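These numbers were taken from a predicted model, which means no experiment stands behind them. Side-chain atoms are counted along with the backbone in the values below, which use heavy atoms only and exclude waters and symmetry mates.
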Amino acid sequence: MTDPETQAGWVPEAEEETDAEDMPLSLRLSIADTLTLGNATCGFMAVYFTTTGILIPHLQGSQETGMARHSAATAVILMLLAAIFDLCDGLVARKLRSSPMGAELDNLSDLISFGLAPAYFVLVYGMVADDAHQRVSALAAIVVLLAVVLRLARFSCVTLKDGMFQGMPSPFGALTVVSIVLLELPFIPTLLAIIGVAWLMVSRVEYPKPRGVLAVAMLAWIVGAMGLLAAWAFDAPGGQVLLATGCALQVVMGAVIPLFATARRVNTFRDNRREARAAQLP
């Protein structure tokens, strides 16, 4: 005779095992997807620290600059950490596997960390900086956000040759925008530089994908930038100079890479023309 209580306790357990085995692959998160979710979490927390540590104290009339510096550094470090997650999830997905929703998760996470977070950083900059104009800064923030939206949407629809991005990658663009703000330049040059970065993100300029040695170099650069931000946040000797140097290098790289890419495309075009002319000769 079967004990009814034993049977009742055994049947749901079997059903749970069956449900787990029959779960669609699209609902199972891979290791790469977990890293992608870490990317989204960092982006959201960057918005949180920008709000609680910079915007709210400013609206309350607080004169504590140390707290704002710590919060700004924390927000940017979180964006850098999101960039590390974004770099690693692609590497892990290629080595192991990615779920069918991996690409969608990646785009949504990038939109939070490299679209919303830097755009919000620009918006708050326009509200707290002495020489900034709030409405113009809000417009610049919208331009940054829409540039990332368009770039991510195009990335999902356009097939490019292997090893290249079309337009400045959104993590690189976000870090460049934040670097421009941290340089504390006059408002007009800051605004023009931010709009220039937004244009590069939706442009057709080719950027190499971070793989191999380039991925290691990018990771080292991000870790070094975190160290510079920490030195600045804790008011270490020379911290302000080190931060300004790091931000300037980031902006210079953002401006120089398109020049190299354009020069390479021009040289390729010239070589193709020479080959075509040589083929036409008898």
Checklist entry - With sequence neighbours excluded, what pairs up with F234 under the ring pair (Phe, Tyr, Trp, His ring centres under 6.0 Å) test? => result H70

Any idea which heavy atoms bring [X] and [Y] closest together, and the distance?
{"X": "L200", "Y": "G254", "answer": "CD1-O, 3.7 Å"}
{"X": "G43", "Y": "A117", "answer": "O-CB, 3.9 Å"}
{"X": "V92", "Y": "A32", "answer": "CG1-N, 4.0 Å"}
{"X": "F114", "Y": "P171", "answer": "CE1-CG, 3.6 Å"}
{"X": "M168", "Y": "R151", "answer": "O-NE, 2.7 Å"}

Do the side chains of [Y] and [X] get nearer than 4.5 Å, heavy atoms only?
{"X": "I188", "Y": "L192", "value": "yes"}
{"X": "V124", "Y": "H58", "value": "no"}
{"X": "L229", "Y": "L80", "value": "yes"}

Item to check | Geometric class of the Y125/F187 ring pair [parallel <30°, tilted 30-60°, perpendicular >60°] | outcome: parallel

Hey, could you give me the [atom1]/[atom2] distance between [X] and [Y], rounded to the nearest 0.5 Å?
{"X": "R135", "Y": "L123", "atom1": "CZ", "atom2": "CG", "value": "13.0 Å"}
{"X": "L116", "Y": "D110", "atom1": "CG", "atom2": "CG", "value": "12.5 Å"}
{"X": "D89", "Y": "D33", "atom1": "CG", "atom2": "CG", "value": "8.5 Å"}
{"X": "T36", "Y": "D86", "atom1": "OG1", "atom2": "CG", "value": "7.5 Å"}
{"X": "L81", "Y": "T74", "atom1": "CG", "atom2": "OG1", "value": "12.0 Å"}
{"X": "M201", "Y": "L152", "atom1": "CE", "atom2": "CG", "value": "9.5 Å"}

Next on the checklist: So does I54 get a backbone contact from the side chain of S71, meaning a donor-acceptor N/O pair under 3.5 Å?
Outcome noted: no

Checklist entry - Has the side chain of S137 got a donor or acceptor atom that lies under 3.5 Å from a matching backbone atom of H133? => result yes

